[in-house]
Protein chains: 2
Amino acid sequence: MSSISNLEDFRSVLARFPGPSEDASNGARARNAQLTKPPGALGRLEDLAIWYAGWRGDAQPKLGNPQVIIFAGNHGVTAQGVSAFPAEVTVQMVANFTHGGAAINQLAKTFGAKMDVHALELDRPTADFTTGPAMDESEFLAALNTGWAAVDENADLLVTGEMGIGNTTSAAAIAAALYGGNAGDWTGRGTGVDDAGLALKTRVVEAGLAANPGRDSLEILRCLGGRELVAMVGAIARARVLSIPVILDGFICTAAAATLEAAQKGALDHTVAGHVSAEGAHRVLLEKLGKEPLLSLGMRLGEGSGGALAIGILKGAIACHSGMSTFAEAGVAGG
Amino acid sequence: MSSISNLEDFRSVLARFPGPSEDASNGARARNAQLTKPPGALGRLEDLAIWYAGWRGDAQPKLGNPQVIIFAGNHGVTAQGVSAFPAEVTVQMVANFTHGGAAINQLAKTFGAKMDVHALELDRPTADFTTGPAMDESEFLAALNTGWAAVDENADLLVTGEMGIGNTTSAAAIAAALYGGNAGDWTGRGTGVDDAGLALKTRVVEAGLAANPGRDSLEILRCLGGRELVAMVGAIARARVLSIPVILDGFICTAAAATLEAAQKGALDHTVAGHVSAEGAHRVLLEKLGKEPLLSLGMRLGEGSGGALAIGILKGAIACHSGMSTFAEAGVAGG
């Protein structure tokens, strides 16, 4: 379908999500067992290649066309002073993405990924979620459809990233609403707030939860999210429909994605966690989702940077799986 | 110098090892502080880029010419039955490297690395170290010089890998001789021996230590090593002289490299640990060397595979450092 008309429409898309190809998974597993290496010696690379093969429906797949999409949004909650950077930085960084000067530009280029940037109504921040829902349903659907339409049908891997001053506050509120616990358990320093800033941010998350009680997962995303988080969810869902595996980025991306898993169990089975961020709650969130991160390098930039860096791992895994000789082909004794 | 004539010659090379450029390190640190990201948000990528800049003597370096070198050797100790694979696999795998069918071929290609293979007298295994030294001094020097000469002067990054049935036994013996402890603490399943095989392997390591007592670090390498381990040491030393940073691979590569650090403190400062292997003693060895691995993916293949996979991390780090815009260039508010 070319766009999502309403929330029920989206729920029925989730309910009909396709699974991986059993044939391709089994074929990949059989191929893996014949490759010129001791069984299991490539560790997680072997699991990754079999997982990727299943989702691509090809026992010996290629990975040649990764796409990185950055969504940017502005947050009304920044008026509360939750970030170390002013809200103008969102639009400035979008210009930086467009001119090729940001970290994600260099990483996308390094790993041969196409990179697209979607700025979502930056001059119209979401409402401050401490006073009520961040978005109404039409705003939510517009952002969701931006993400839905942003995925390249010819991509064979997707990384979704974000830029939005204030959005670790939004992610913390979403995680707390989904999983419970204290606001402080999910709130971190983001781009670098000090102790007083962290205490303020925690109070803002508490206020957001109090102002938006008792919601289900997609409603949590609408009430506490931002346009860039909603758009990531739209893109991750569209990738599933198109059989495109996804690498999740950091805390914000994962918090947004978690609403999808809460709405439909297994909705993130076509995704892997690219890295674990230095934002402490990210590790907890990944544990809740049962995702083991590929990388742990203390990154906390967003922009899809951790996910993009993990493209290299996936490329390596699939190159080994699909390019190596079997014992028979190479004339190597199989141990 | 074009080759090493004797052990004393090599010791004096180590004693004169150059350090990193202070100017380039300081310049890289200053540049890093101005890039369009919150301070520290790229985590270890920032440290890696500054480290690399120092060793390359360039505050804004490029990484475009990585070299992977695989050294292969045969081990007399395989007569004791220490491996799950027969010794013929060494030469068979060298043919597989040459024909492009091994994991390392796919990884080198994925990360744009030149790959060279050096088979070291495969028809003449080292002596069984349970009965005395594995190599005499002339055999040791020949292997060292193969490694020394194998490094491309125009490379800007080096990964050293190995192939040699039986060489986790050799690595375990080296680690035990360098750091003490029980043979069992350093001995693992290698390519996949069973419980009985592991017990036998541990007794073989003990016998090797008993047959070659009281040696210093380079003598430990000669008495308990194999030609491919010695060649890796030669290549790592030559890379230092040529200001080429090195990514260490797994347990065997790290055990060989550790003899260099024991011979000359700081001798591995131009190296990073590419990954931590599933061979349990590797993590302990890295701790002894104060090296935090870049990747932890349960790999245990050797061939330089873990090191080669980490080329992508280093490429990403240096692409960000050298390619990103500064706050001033991009017109972004600096927080």
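None of these values were measured; they are calculated from a predicted model. Letters A, B, ... are given to chains in the order of the sequence lines, protein chains preceding strands, and every chain is numbered from 1.
- Nearest approach of A:Leu301 to B:Lys37, heavy atoms of both residues: CD1-CB, 3.7 Å.
- Atom CG of B:Leu309 sits about 8.0 Å away from atom SG of A:Cys320, to the nearest 0.5 Å.
- Taking CD1 from B:Ile318 and CD from A:Gln106, the interatomic distance works out to 13.0 Å, rounded to the nearest 0.5 Å.
- Between B:Phe111 and A:Phe111, the two ring planes are perpendicular [angle over 60°; tilted spans 30° to 60°].
- Most heavy-atom pairs under 4.5 Å with chain B, from the set A:Ala95, A:Ala278, A:Ala102: that is A:Ala102.
- For A:Leu42, the parts sitting under 4.5 Å from any heavy atom of chain B are the backbone and the side chain alike.
- Nearest heavy-atom pair across A:Thr191 and B:Pro38 is O-CB, 3.4 Å.
- Of all the listed residues (A:Arg44, A:Lys315, A:Arg300), the one sharing the greatest number of non-hydrogen pairs under 4.5 Å with chain B is A:Arg300.
- Residue B:Leu297 holds its CG atom at 7.0 Å from CG of A:Leu295, rounded to the nearest 0.5 Å.
- Shown here for A:Gly101 and B:Thr36, the closest heavy-atom pair between the two residues is O-OG1, 3.5 Å.
- More than 12 heavy atoms of other residues, nucleotides or ligands sit less than 6.0 Å from atom NZ of A:Lys114.
- Counting all heavy atoms, side chain and backbone alike, B:Met299 lies closest to A:Leu45 at CE-CD1, 3.9 Å.
- Interface remark: of the candidates A:Ala330, A:Gly331, A:Gly306, A:Gly323, A:Gly323 forms the most heavy-atom pairs closer than 4.5 Å to chain B.
- Across B:Gln92 and A:Val332, no two heavy atoms sit closer than the pair OE1-CA, 3.4 Å.
- For the set B:Val91, B:Ile313, B:Asp47, B:Ile311, the entry with the most heavy-atom pairs within less than 4.5 Å of chain A is B:Ile313.
- In this structure, chain B has a heavy atom under 4.5 Å from the side chain of A:Thr110, while its backbone stays farther away.
- With chain A as the partner, the residue from B:Leu48, B:Leu107, B:Asn105, B:Thr326 showing the most heavy-atom pairs under 4.5 Å is B:Leu107.
- Neither the backbone nor the side chain of A:Ile165 comes within less than 4.5 Å of any heavy atom in chain B.
- Heavy atoms of other residues, nucleotides or ligands lying less than 6.0 angstrom from CZ of B:Arg283 number 12 at most.
- For the ring pair (Phe, Tyr, Trp, His ring centres under 6.0 Å) test, no residue two or more places apart in sequence or in another chain qualifies with B:Phe251.
- Considering only heavy-atom pairs separated by less than 4.5 Å from chain B, the leading option among A:Met93, A:His99, A:Lys109, A:Glu329 is A:Met93.
- Contacts between A:Ala103 and chain B at a heavy-atom distance below 4.5 Å involve backbone atoms as well as side-chain atoms.
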